[in-house]
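Working notes, structure below.
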Amino acid sequence: MNIIDIGSGAPVVLVPGIQGRWEWMTPAVDALSRRCRVITFSLADEPTSGGRFDEAVGFSTYVQQVADVLDSAGLQEATICGISYGGLIAAAFAARYPQRVSALVLMSAIPPSWRPDAKARFLMRAPRLLSPLFAIGSLRMWPEIAAAKGPLRGLAFAVRHVANVLAHRFSPRLMARRARLADELDVENDMRRVHRPTLVMTGEPALDRVVPVRLTQDYLRIWPHATSAVLSGTGHLGPITRPDEFASLVVSFAERASSDEKQRRRIV
């Protein structure tokens with residue numbers, strides 16, 4: 001498996017979104033690497049991942065991939081941070097391997113209760129239409145890019161991001177399959193039994209045009225002990241439009257969770 005492992009300090013495993021490519025998160029990876037050890041990868045069914053997707057177990061392939069990444073990195077546990085679709089993978093991993101999660105961070109994550117709407121179901125049946133519609137739909141991201149960067153810097157950012165996306169293209173067919181796998185998932189009861197330090201992070205409600213903030217906040221119902229935070233001035237793209245602020249929130253939460261655990265062990 002092709003694994004990106006850079007930086008030093010507390011380990012953070014970063015799980016990508018439904019497009020499956022770690023490269024789309026490059027600004028977040030770079031910002032985290034200046035503050036901690038960040039480990040990331042592309043999802044197992046991506047041709048460039050070097051992984052293997054097991055049709056027989058479906059979504060569980062991604063969950064097991066996180067465990068395999070930890071093993072390859074020589075880690076028993078780490079902070080697991082999932083973005084969007086990757087947040088659902090991270091949460092499912094915590095449900096299966098709670099002992100390997102020192103802290104859990106979910107950024108604009110879809111919850112286990114998520115179900116595709118009529119438009120999404122149409123695209124899942126005709127994934128070849130996803131590419132042009134995805135490109136057109138990306139225009140809806142401009143308000144949050146402008147809010148995070150300002151008009152001129154936002155335009156420069158958008159050009160760089162489009163170039164990155166074109167260099168690391170997504171597969172509409174694989175994205176449709178991932179959506180179907182999430183639609184079939186039933187893990188909420190397993191999640192409820194887990195009690196790990198959890199940070200549920202969103203952008204501003206008016207700026208996230210991809211995953212409504214209320215959906216991500218459903219994790220606060222599943223895990224009442226979780227901490228919530230808002231990455232201001234951005235929406236769904238927070239990890240790449242405001243990468244330094246995103247990284248600071250992730251690392252400070254991870255370090256606080258580690259300190260609390262050490263104190264608990266001393267008391268016990």
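Small disclaimer: the values here were computed from a predicted structure and weren't measured.
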Flag, side chain of S49 to backbone of A44, donor-acceptor distance under 3.5 Å: yes
Nearest heavy atoms of C36 and V251, plus distance in Å: SG-CG2, 3.8 Å
Non-hydrogen side-chain atoms of T79 and L104 separated by less than 4.5 Å: no
Verdict with reasoning, Q217 to L220, per side chain to side chain contact (heavy atoms under 4.5 Å, CB included): CA-CA 5 Å; Q217 290 177 336; L220 300 175; 4.2 Å; yes
Taking only distance into account, with no hydrogens and no angle test, what donor-acceptor pairs under 3.5 Å do side-chain atoms of residues 2-9 form with protein atoms, sequence neighbours excluded?
from	atom 1	to	atom 2	distance (Å)
N2	ND2	T48	O	2.7
D5	OD1	R37	NE	3.0
D5	OD2	R37	NE	3.4
D5	OD2	R37	NH2	2.7

Interatomic distance, T26 atom OG1 to H168 atom NE2 [nearest 0.5 angstrom]: 6.5 Å
Stepwise side chain to side chain contact (heavy atoms under 4.5 Å, CB included) test for W22 and V15: CA-CA 8 Å; W22 77 264; V15 187; over 6 Å; no
Main-chain N/O of F157 paired to H161 side chain as donor or acceptor, under 3.5 Å: no
Side chain S33, main chain D30, donor-acceptor under 3.5 Å: yes
N/O donor-acceptor pair under 3.5 Å between R115 side chain and P112 backbone: yes
Residues forming a salt bridge (charged side-chain N to carboxylate O under 4.0 Å, His left out) with D54, sequence neighbours excluded: none
SB check D183 R180 (cutoff 4.0 Å): no
Over all atoms of both residues, closest heavy-atom pair of V13 and F41: CG1-CE2, 3.9 Å
Least distance between heavy atoms, P11 atom then L75 atom: CB-CD1, 3.6 Å
Pair E144 + K149, salt bridge at N-O below 4.0 Å: no
Any donor-acceptor N or O pair under 3.5 Å, side chains R242, S232: yes
Spacing of CE belonging to M175 relative to CG belonging to L43, to within rounding of 0.5 Å: 11.0 Å
Aromatic ring pairing Y62/Y85, orientation class (parallel under 30°, perpendicular over 60°, tilted between): perpendicular
E77 side chain to R100 backbone, donor-acceptor under 3.5 Å: no
Audit row: F246, M201, side chain to side chain contact (heavy atoms under 4.5 Å, CB included) steps and yes/no: CA-CA 9 Å; F246 167 76; M201 198 187 318; 3.9 Å; yes
Side-chain donor or acceptor of D208 paired with backbone N/O of S108 under 3.5 Å: no
Salt bridge (charged side-chain N to carboxylate O under 4.0 Å, His left out) against R169, all qualifying residues, sequence neighbours excluded: none
Pi-cation contact, F59 with R177 (under 6.0 Å, within 45°): no
D117 atom CG, neighbour heavy-atom count above 12 within 6.0 Å: yes
Distance (rounded to the nearest 0.5 Å) between T216 OG1 and L88 CG: 11.0 Å
Distance in Å, T202 OG1 paired with R214 CZ, rounded so as to fall on 0.5 Å steps: 13.0 Å
Student check: side-chain heavy atoms of V165 and R21 closer than 4.5 Å: no
Residues T241 and T234: side-chain donor-acceptor under 3.5 angstrom: yes
Hydrophobic cluster membership, I18 vs I89, 4.5 Å side-chain cutoff: yes
Nearest heavy-atom neighbours spanning Q65 and S42: NE2-O, 2.9 Å
Under 3.5 Å donor-acceptor, W114 side chain and A179 backbone: no
Validation row: V200, M107 side chains within 4.5 angstrom (heavy atoms): no
Linked, directly or transitively: M25 and V211 (ILVMFWY side chains, under 4.5 Å): no
F253-V101 co-clustered via ILVMFWY side chain contacts under 4.5 Å: no
Carboxylate-amine/guanidinium contact E46 R178, below 4.0 Å: yes
Exercise: identify the closest heavy-atom pair between A109 and Y219: CB-CE1, 3.8 Å
Common cluster, L106/L181, ILVMFWY with side-chain heavy-atom separation under 4.5 Å: yes
Nearest heavy atoms of V250 and C81, plus distance in Å: CG2-SG, 4.3 Å
Carboxylate-amine/guanidinium proximity below 4.0 Å for D45 and R52: no
R96 side chain to A92 backbone, donor-acceptor under 3.5 Å: no
L14/L32 under side chain to side chain contact (heavy atoms under 4.5 Å, CB included): CA gap, chis, key distance, verdict: CA-CA 10 Å; L14 193 62; L32 284 166; 4.0 Å; yes
Backbone of L174 reached by a side-chain donor or acceptor of S171 within 3.5 Å: yes
N189 side chain near R192 side chain, heavy-atom distance below 4.5 Å: yes
Flag side-chain contact, heavy atom, 4.5 Å: M141 against L237: yes
Shared hydrophobic cluster, F53 / M1 (ILVMFWY, side-chain heavy atoms < 4.5 Å): yes
Atom pair CG (L199) and OG (S228), whose distance is rounded to the nearest 0.5 Å: 8.0 Å
Side-chain heavy-atom pair R209, P143 within 4.5 angstrom cut-off: yes
Note, I83 side chain near P16 side chain (heavy atom, < 4.5 Å): no
Check: S72 side chain, D68 main-chain N or O, donor-acceptor pair, under 3.5 Å: yes
